[in-house]
Amino acid sequence: MNTKQQRQAIIETAHRRYATKKYDPSKHISPADWRTILEVGRLSPSSFGYEPWQFVLIDSDKVKQDIKPFSWGAVNSINGADKLLLILARTDVAYDSDYAARLVRDIKGHLYSKLSPVSQSFKHFQENDLHLASPRARFDWAAKQCYIAMANMMTAAAELGIDSCPIEGFNYRKMNQYLKEHHLADTKHWHAAVMVSFGYRDQPITPKVRQPLADIYRKI
């Protein structure tokens, strides 16, 4: 495949990616394809490399039915998608948090210190550049990282001929309360960021309608 063909293939993938509202429940994603989608999510970039996410596959029919009353945007996915993924964002990532210390020591293999140049740089970034002065602000920052992973997984799925749908249509307070009451997540440290479903569509892909590039792109 030459460069022109590669460019065209990328654009075709973008057109192939469609927010699927109706899935064929008889079709299933192969284990190898699902592992590939998850691996793309795992390898996604995050601010300072702190990976403030958890990918939670909602596989239980009971859980799906339990959350349906407060997850209006997920109803079609619950009824037909092969995979329903809830992405949780870490609520307390900071330069001096236990989470940051564990990630630096155990995952990155570096010595951790609150006074290290990296820790102090992250502190300045959060407090002075982004002005993250509250737990809600830190959660919102973490949730942004989750969206990067979700977008990458959706693109990978499209490359594999698998359909997907990002889902914000649910009551976040009720979702977090459900996770807490049923001991499905440590909601002291993790809250729902977004859901995304994967499967095979049972509807045609309508042509994308977007603003022209001239309206959304400029040079300064």
Side-chain angles (χ1 to χ4, degrees), residues 19-23 25 28-29 31 34-35 37-42 44 46-47 50-103 106-107 126 130 132-154 157 162-199:
T20 301
K21 301 300 189 293
K22 185 179 181 182
Y23 287 95
H28 302 286
I29 299 170
W34 183 237
R35 285 193 300 271
I37 292 169
L38 290 175
E39 184 68 0
V40 168
R42 187 182 74 87
S44 293
S46 60
S47 185
Y50 277 128
E51 308 170 35
W53 49 54
Q54 276 189 7
F55 307 131
V56 181
L57 179 64
I58 302 178
D59 196 44
S60 164
D61 288 334
K62 180 181 186 306
V63 174
K64 290 179 182 178
Q65 296 308 311
D66 285 348
I67 68 173
K68 188 183 285 189
F70 54 83
S71 302
W72 58 269
V75 171
N76 291 329
S77 294
I78 290 171
N79 290 339
D82 188 47
K83 308 291 185 186
L84 180 62
L85 195 69
L86 173 64
I87 304 180
L88 305 180
R90 186 80 183 190
T91 62
D92 59 348
V93 180
Y95 80 101
D96 58 350
S97 64
D98 291 340
Y99 178 82
R102 183 194 71 80
L103 204 74
D106 299 344
I107 304 302
Q126 284 197 315
L130 294 185
L132 305 184
S134 69
R136 177 54 196 253
R138 283 189 288 273
F139 166 76
D140 287 344
W141 165 82
K144 291 178 182 178
Q145 318 309 308
C146 295
Y147 276 66
I148 297 172
M150 178 180 70
N152 285 343
M153 285 189 281
M154 292 170 64
I162 295 168
D163 299 288
S164 62
C165 185
I167 302 166
E168 290 183 315
F170 60 96
N171 186 299
Y172 283 67
R173 180 185 60 80
K174 291 182 178 180
M175 179 66 77
N176 290 327
Q177 187 63 30
Y178 180 84
L179 296 173
K180 179 179 180 181
E181 290 178 353
H182 291 81
H183 308 290
L184 298 175
D186 179 0
T187 53
K188 179 181 178 181
H189 299 297
W190 298 95
H191 285 177
V194 68
M195 287 194 285
V196 57
S197 59
F198 298 91

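Counting begins at 1 with the first residue of the sequence.
- The residues Asp140 and Arg136 are annotated as salt-bridged, a charged nitrogen and a carboxylate oxygen being separated by less than 4.0 angstrom.
- Contact detail for Ala19 and Lys21: the closest heavy-atom pair is O-NZ, 3.1 Å.
- When side chains are defined from C-beta on, Lys64 does not count as touching Asn79, because their heavy atoms never get closer than 4.5 Å.
- Between the side chain of Asn171 and the backbone N or O of Phe70, no donor-acceptor pair lies under 3.5 Å.
- With sequence neighbours excluded, no residue satisfies side-chain hydrogen bond (donor to acceptor under 3.5 Å, both in side chains) with Ser47.
- A 4.5 Å side-chain heavy-atom check between Ile37 and Leu85 finds every atom pair outside the cut-off.
- Annotation: salt bridge (Lys or Arg N to Asp or Glu O under 4.0 Å) contacts involving residues 163-182, sequence neighbours excluded, comprise Arg16-Asp163, Asp163-Arg201.
- The closest donor-acceptor contact from the side chain of Gln126 to the backbone of Val93 lies under 3.5 Å.
- Here the closest non-hydrogen pair linking His191 and Asn176 is CA-OD1, 3.5 Å.
- In terms of heavy atoms, Arg42 sits closest to Phe55 at N-CE1, 3.9 Å.
- Summarising the geometry, atom CZ belonging to Arg138 is positioned 8.5 Å from atom OG1 belonging to Thr91; distances are rounded to the nearest 0.5 Å.
- By the 6.0 Å contact criterion, CG on Asp98 is open, its count of non-hydrogen atoms from other residues, nucleotides or ligands being 12 or less.
- Without hydrogens or angle criteria, Tyr23 side chain to Ser197 main chain gives a donor-acceptor distance under 3.5 Å.
- Pairing each heavy atom of Cys146 with each of Pro52, the nearest pair is SG-O, 3.8 Å.
- Atom-to-atom distance recorded for Trp53:CH2 and Tyr147:OH is 14.0 Å, nearest 0.5 angstrom.
- Listed by first then second residue, pairs satisfying salt bridge (Lys or Arg N to Asp or Glu O under 4.0 Å) with a partner in residues 65-78 read Lys62-Asp66, not counting sequence neighbours.
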Q.
Apply side chain to side chain contact (heavy atoms under 4.5 Å, CB included) to residues Leu84 and Ile167 and explain how you reach the verdict.
A. CA-CA 10 Å; Leu84 180 62; Ile167 302 166; 4.1 Å; yes
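- Distance OG1/Thr187 to CE/Met175: 13.0 Å, rounded to 0.5 Å.
- In terms of modelled atom types and a separation under 3.5 Å, the side chain of Ser71 and the main chain of Ala74 share no donor-acceptor contact.
- Atom CE of Met153 and atom CD1 of Ile162 lie 12.5 Å apart (nearest 0.5 Å).
- Leu86 and Ala192 get closest at one heavy-atom pair: CD1-CB, 3.9 Å.
- Using a distance-only test at 3.5 Å, with no hydrogens or angles considered, no donor-acceptor pair links the side chain of Ser77 to the main chain of Phe198.
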Q: Assess whether side chain to side chain contact (heavy atoms under 4.5 Å, CB included) is satisfied between Ile78 and Ile67, documenting all intermediate values.
A: CA-CA 10 Å; Ile78 290 171; Ile67 68 173; 4.2 Å; yes
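- Note: Trp34 CH2 to His28 NE2 = 14.0 Å, rounded to the nearest 0.5 Å.
- One distance of note links CG of Asp59 with NZ of Lys83; it measures 6.5 Å at 0.5 Å rounding.
- Nearest approach of Asn152 to Ser44, heavy atoms of both residues: ND2-OG, 3.0 Å.
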